[in-house]
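Written below as structure tokens is the structure these notes are about.
Convention: sequence-line order gives letters A, B, ...; per-chain numbering from 1.
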2 protein chains.
Amino acid sequence: MQFNIDNTSNRAAYQQIIDQVKRDIALSRLVKDEKLPTVRQLANQLAINPNTIAKSYRLLEREGIIVTKPGSGAFVANLDSNLSRAVRKKLVNDDIERIVVEAFHMQIDKQIILEWFNNAVDKFNLTTKKDG
Amino acid sequence: MQFNIDNTSNRAAYQQIIDQVKRDIALSRLVKDEKLPTVRQLANQLAINPNTIAKSYRLLEREGIIVTKPGSGAFVANLDSNLSRAVRKKLVNDDIERIVVEAFHMQIDKQIILEWFNNAVDKFNLTTKKDG
DNA sequence: ATAGTTGTAATAGTTGAGATAGTACAATAA
DNA sequence: TTATTGTACTATCTCAACTATTACAACTAT
């Protein structure tokens, strides 16, 4: 599990950690029950404050992505969304719309962006609905 | 042209203005050369500081989305992306990946998210590449 | 039990973004 | 000339995102 912080990014450090954990789980690089680096380990490695990592873990736990156990560490949790379908749809669709608007202003072609999106969906292991 | 600010949003006011202008252009609700509300008008209407609107307009002009003319107003500019294809691809793909990762964690189905994305692309008037 | 490791929490301080407020200026339109 | 437009600048305020330090509580290993 390799983490890194892009200091030139305008995305907050704690958010970058969250992004990377989520991304690695989505890519199956991190699997259920796998142990994450400890707060102090990661803080030391990335040369940032332990509280920053602690915050990332706290939020990830609140989202149900990981489980933390004082004295033993932080572990990847079960995948189990607790948001209603309506809420999920709104959250995701707002983001999708924003991207499509950006693409429009960048004059990105319809086929091109659909292709990019398809690639992303294939890259990550989204579930596939069974018929019936 | 109807603007509004969502105070419960954690998105900055000046960003919400930018989002809405871009969105309305992408939806053809705002077309080339159309005049935007004046800084003072909009600030008054939304009950926020004129400098906030000024900032939105300044950034929109820097992006080439609008053209401002002291003494006469702000107008929708020509659509003309000045970013390289590589830069555009990176910007958009980073966003796309983040959304797909979110969708994964929300256990949103592959077909479902592709459908949502298709809907968004259809809603906005993305260009369509000619063959050959 | 004891020692060491883990995540948690609380406090105080720093930095920068976002916004408010006020004023002055320059370009345009009437 | 007069009013309207966007621009520029400064000072101030608030809050998020940290940084830094310390203390604490829960678990593991011995």
For [X] and [N], give me the distance from atom [atom1] to atom [atom2], rounded to whole Å.
X	N	atom1	atom2	answer
B:F75	D:dT5	CZ	P	11 Å
B:N44	D:dT4	CG	C1'	15 Å
A:I17	C:dG7	CD1	C1'	16 Å
A:L59	C:dA9	CG	P	12 Å
B:N10	D:dA16	CG	P	10 Å

Practice task
Applying side-chain hydrogen bond (donor to acceptor under 3.5 Å, both in side chains), name anything that partners A:N51, two or more places apart in sequence or on another chain.
Solution key: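 None.
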Table of protein N/O atoms under 3.5 Å from nucleotides 27-30 of chain D N/O atoms:
| from | atom 1 | to | atom 2 | distance (Å) |
| --- | --- | --- | --- | --- |
| D:dC27 | O4' | A:P70 | O | 3.2 |

With sequence neighbours excluded, tell me which residues meet side chain to side chain contact (heavy atoms under 4.5 Å, CB included) with [X].
X	result
B:A77	B:V67
A:P70	none
B:N44	none
A:N93	A:K89, A:I96, B:W116

Problem - Residue list, ring pair (Phe, Tyr, Trp, His ring centres under 6.0 Å) with A:Y14, at least two apart or on another chain - result: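 Expected list: none.
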Handout entry: Residues that B:Y57 engages under ring pair (Phe, Tyr, Trp, His ring centres under 6.0 Å), provided they are two or more places apart
Key =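 Counting only residues at least two positions away or on another chain, B:Y57 forms no ring pair (Phe, Tyr, Trp, His ring centres under 6.0 Å).
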Problem - Of all pairs that satisfy salt bridge (charged side-chain N to carboxylate O under 4.0 Å, His left out), the ones with a partner from residues 38-54 of chain B, not counting sequence neighbours - result: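 Sorted result for residues 38-54 of chain B: empty, none.
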Handout entry: Selection residues 16-33 of chain B - residue pairs positive for side chain to side chain donor-acceptor pair (under 3.5 Å), sequence neighbours left out
Key =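 Qualifying pairs: A:E97-B:R23, A:E102-B:K22, B:R11-B:D19, B:K22-B:E63, B:S28-B:N125.
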Practice task
Give one of base, sugar-phosphate or nothing for A:E61, where a contact means two heavy atoms less than 4.0 Å apart.
Solution key: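 Here A:E61 touches the backbone only, sparing every base.
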Between the protein and nucleotides 13-21 of chain C, list every N/O to N/O distance that falls short of 3.5 Å.
| from | atom 1 | to | atom 2 | distance (Å) |
| --- | --- | --- | --- | --- |
| C:dG18 | OP1 | B:Y14 | OH | 3.4 |
| C:dG18 | OP2 | B:Y14 | OH | 3.1 |
| C:dA19 | OP1 | B:A13 | N | 2.3 |
| C:dA19 | OP2 | B:Y14 | N | 3.3 |
| C:dT20 | OP2 | B:N49 | N | 2.9 |
| C:dT20 | OP2 | B:T52 | OG1 | 3.1 |
| C:dA21 | N6 | B:N51 | ND2 | 2.8 |

Problem - Option among A:I5, A:L36, A:T52, A:L59 that satisfies the side chain to side chain contact (heavy atoms under 4.5 Å, CB included) test with A:I17 - result: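 The side chain to side chain contact (heavy atoms under 4.5 Å, CB included) with A:I17 is passed solely by A:I5 among A:I5, A:L36, A:T52, A:L59.
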Problem - Terminal helix-axis angle for the helix from C:dA1-D:dT30 to C:dA30-D:dT1, with five pairs defining each axis and rounding to 10 degrees - result: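 If I round to tens, the end axes sit 30° apart.
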